[in-house]
Amino acid sequence: MRSQRFLLGSGPLFMAKADFSVELNGPQLEAVTALEGPVLIIAGAGSGKTRVITYRIARMLERGIPQQAILALTFTNKAAHEMERRVRELSPGKPLRNLTVSTFHAFGVRILREDIEALGGPEQDPGEAVRPRYRKNFSIYDETDRTELIKESLRECRVSTEGVDLYKLGQLFSDVKTGRLRWGEGANSEFRHIYEEYQYGLQVYNALDFDDLLVLPIKLFEENPGVLEKYHRRYRYIMVDEFQDTSLIQYRLLRMLAWGTAEPKQASALAGAAVPNVCVVGDDDQSIYSWRGANYENLLMFEQDFPGVLEIKLEQNYRSTTTILEAANGVISNNSNRKEKTLWSGNSGGKPVEFFQSDTEREEAESIAGNIHRMRFREGRAWGDFGILVRTNSLMETIEEALLAENIPYRVSGGTSFFQRKEIKDLLSYLRVVANPRDDVNLLRIINTPRRGIGKTAITRISETARKNHSSIWEALERLNYARRHAGGQSSLFGAEDQEKNELEAFMALIESQRSLMLGSGSLSAKVRDLVDKIDYWSYLVSEFRKNEKTAKWKYLNIERLIQAIQDWEKDEDTGDSGLYAYLNRVSLITRDDGDDEAGKGKVNLMTIHAAKGLEFPVVFIAGAEEGIIPHERSLEAGEGSIEEERRLFYVAITRARDKLSISSCRRRKRFRPGQNAPAEGITETAPSPFLAEIPPHLLEYGKEENDDELEEAEALELTGRMMRTFGLTESS
DNA sequence: CGTCTCCAGGTTTTT
DNA sequence: CCTGGAGACG
């Protein structure tokens, strides 16, 4: 924090080298100033990694490297936003519209929106009907949409969905698409024709799944060296954060972009060639996404593919106390296969790591809430100083309840996204269909929402016609409509019922009119509001939730929030293009609620460990540290290296803490799938996480359980706190 | 044919 | 608890 103030105060546009050297230690300075050539930074937890990256970018800008030549890739939206924010802080007043800081997926979308039409058609058997090509207005399918399409593909192949784990099938498809498995080698060929049907569906609907966002740019580059050349020329300075989490395809994309060629350069061909300016930053101990294809062996590959790599190790931890760091090292040292690294801290001593065990999850949550109150008053901490980390999303609920009950302001990030709520999905489906009428999955979601009397049979009939013509539903509707008009209003195609015909026509008219409206000029939020009125979504909610007016209101409120969010986005000066497509681009990749940055300030942070990566908090609680949760039983089923990954996860959780770490578990927990010893329905006896035993015992302190006296004490302290505030004394730093 | 109601089931982590 | 699917009802 102090460093930023220093920079801001010392002439932001001309940061002299001296500024950096005051702010940074030796290796950090080296990492920030080595702008040319390939650089590999092994950055231990809390070693100032993000700072190094942001300073590098600031330095590039200062050196006159144009914004559009800089590309910084991250893994989560949150990390991308955070990085952008910090660069902005370092370059105040400077618009950064041409600087690309994004996730790999968002970057893929960017490329595809521009150039997907250069992609050749799919491989076809001779004589097969011509398959549709992707267009620029493609839809992006999230997990839910993808599951819908898989279901449809199963139906199409006359395979019953019974006994099929759709989730697993989706994973299998993903593994195949990204080249992690091949049919017959790990991937059960039984599902191959369903996969092909699924792929076919995506093409017909002009839709891409998340994997396509990485796979198709690669394909595009392989087929069109000219297109690759364009991007290669533009992005002359590339940085990748959390490199240990890159998957193989992400790595390939990076390599292509950096070298400008589809194939890796052979060592012999490298002599004399300018080695690209690529800087990757990672920490193998924090690799926690291998289940998603992350492969920290990329670190080794990088050294091979980019000869002359400058390797820098950042080993000084600025974040945590020695106690916390030793606890973390105690845990992680149980992993084999690590890149050698000794993390040390200048912050000696520190409070012991606390561990407490409660009887039930409710009590655990309550004692965390109580502890937060107490520490806030005793130690003068702000709400924002606390982070509560859990292994799974489902563990957050009880904790949220306790925080709510204790009037503790909090924000969650990592919960299911706002954009996954049904009412929001409905509305976004309208926008998607308007943008891309070929998008069947979204069209089917709204064709009868709000109810307009288009039922199952009508839909089945149209789907069949569509299928016969190798077209989407929308195209089938157009064709039917056309045919009917030319047959003088006589057609059996729309079904016997006049009413149904009218409903379908009305639906088409709605989409068409919205299409010309939405793609025209004017404020998107205003147009969305009109759409909501036009479809009378409010009446729909009222009738759907007749007995539950509160739900209806709540859902409508969410719609309002969405419109408000669109408006805010429109007004944001960093939004270049505020059209429909730009909005959908942005929104389609948000799968998680990252919590509002601004609104979240000054609140307790509740999130999954995965979501906490890259963050730090003065006080960290790790809740639900039980066997079966961390390490997670489902993860262990995956076998082999999974225990090590779970350990890394625990390591990441520990190293989020600056001064104080508190770990908790409970003796009994409600579980959906009860274990072997279940004393009551759905309740399992649980043991503390085996990882706790890996923390050197002298660093651990067993917390006493909370009792009422202490609660009273907390209340007394609250009184003191209020008095302090009354007298104008600051309560927190 | 479309809608309503009841019942079972249930996601480890994210794009 | 909430969602989604199956079956009954209008």
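Note that the coordinates shown come from a computational prediction; the quantities given were computed from them, not determined experimentally. Within every chain, numbering begins at 1; the chains are lettered A, B, ... in the order of the sequence lines, protein sequences first and strands thereafter.
Rounded to whole Å, the distance from CG on Leu395(A) to C1' on dT13(B) is 12 Å. With rounding to whole Å, Asp211(A) atom CG is found 9 Å from dT15(B) atom C1'. As rounded to whole Å, 11 Å separates atom C1' of dT14(B) from atom CD of Gln171(A). Rounded to an integer number of Å, the gap from Tyr540(A) OH to dG2(B) C1' is 14 Å. Here dT12(B) presents its C1' atom at 16 Å from NZ of Lys613(A), a figure rounded to the nearest Å. Glu242(A) places its CD atom 14 Å from the P atom of dT14(B), with the value rounded to the nearest Å. Atom CD of Glu148(A) is separated from atom P of dG4(C) by 9 Å (rounded to the nearest Å). Atom CD in Glu503(A) sits about 10 Å away from atom P in dT3(B), given to the nearest Å.
Here dT13(B) is the nucleotide among dT13(B), dG2(B), dT14(B) with the atom lying nearest to any side-chain atom of Thr392(A). Taking every side-chain heavy atom of Tyr167(A) into account, dT13(B) is the closest of dT3(C), dT13(B), dT15(B). Taking the side chain of His610(A) as heavy atoms from C-beta on, and the options dG4(C), dT14(B), dT15(B), the nearest nucleotide is dT14(B).
Nearer to the 5' terminus of DNA chain C, by closest-nucleotide assignment, is the contact made by Glu397(A) (compared with the other of Glu397(A) and Thr144(A)).
Legend: residues meeting ring-ring contact (aromatic ring centres under 6.0 Å, His included) with Tyr289(A), ordered by chain and number and at least two apart, are Trp291(A), His610(A). For Tyr141(A), the ring-ring contact (aromatic ring centres under 6.0 Å, His included) test picks out no residue, with sequence neighbours left out. Scored by the salt bridge (charged side-chain N to carboxylate O under 4.0 Å, His left out) test, Asp440(A) finds no partners at all (sequence neighbours excluded). Scored by the ring-ring contact (aromatic ring centres under 6.0 Å, His included) test, Tyr583(A) finds Trp569(A) as partners (sequence neighbours excluded). For Phe138(A), there are no ring-ring contact (aromatic ring centres under 6.0 Å, His included) partners at least two apart in sequence or on another chain.
Residue ring and nucleobase are stacked for Trp291(A) and dT13(B), with a centre distance beneath 5.5 angstrom and an angle between planes beneath 30°.
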Please tabulate the protein-to-nucleotide N/O contacts below 3.5 Å involving nucleotides 7-10 of chain C, giving atom names and distances.
none

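Across all strands, Asn448(A) comes closer than 4.0 Å only to sugar-phosphate atoms, never to a base (heavy-atom distances). Across all strands, Phe104(A) comes closer than 4.0 Å to no nucleic acid atom at all (heavy-atom distances).
In this structure, Phe107(A) has its ring center closer than 6.0 angstrom to the ring center of Tyr235(A).
Under the 4.5 Å side-chain criterion, counting only non-hydrogen atoms from C-beta, Arg110(A) is not in contact with Glu114(A).
Contact between the side-chain N/O atoms of Asn77(A) and the OP1/OP2 oxygens of dT14(B) is not found at any separation under 4.0 Å. Side-chain nitrogen and oxygen atoms of Ser394(A) include none within less than 4.0 Å of the OP1 or OP2 phosphate oxygen of dG10(B). An OP1 or OP2 oxygen of dC4(B) is reached within less than 4.0 angstrom by a side-chain nitrogen or oxygen of Arg451(A). Within the 4.0 Å cut-off from OP1 or OP2 of dC1(B), at least one side-chain nitrogen or oxygen of Thr457(A) is found. For the pair Lys151(A) and dG5(C), the criterion of a side-chain N or O lying under 4.0 Å from OP1 or OP2 is met.
Look at Glu242(A) and Lys49(A) and you find a salt bridge, because one of the NZ, NE, NH1 or NH2 atoms lies within 4.0 Å of a carboxylate O, short of that distance.
Distance check on atom C1': dT15(B) versus dT11(B) gives 16 Å, rounded to whole Å.
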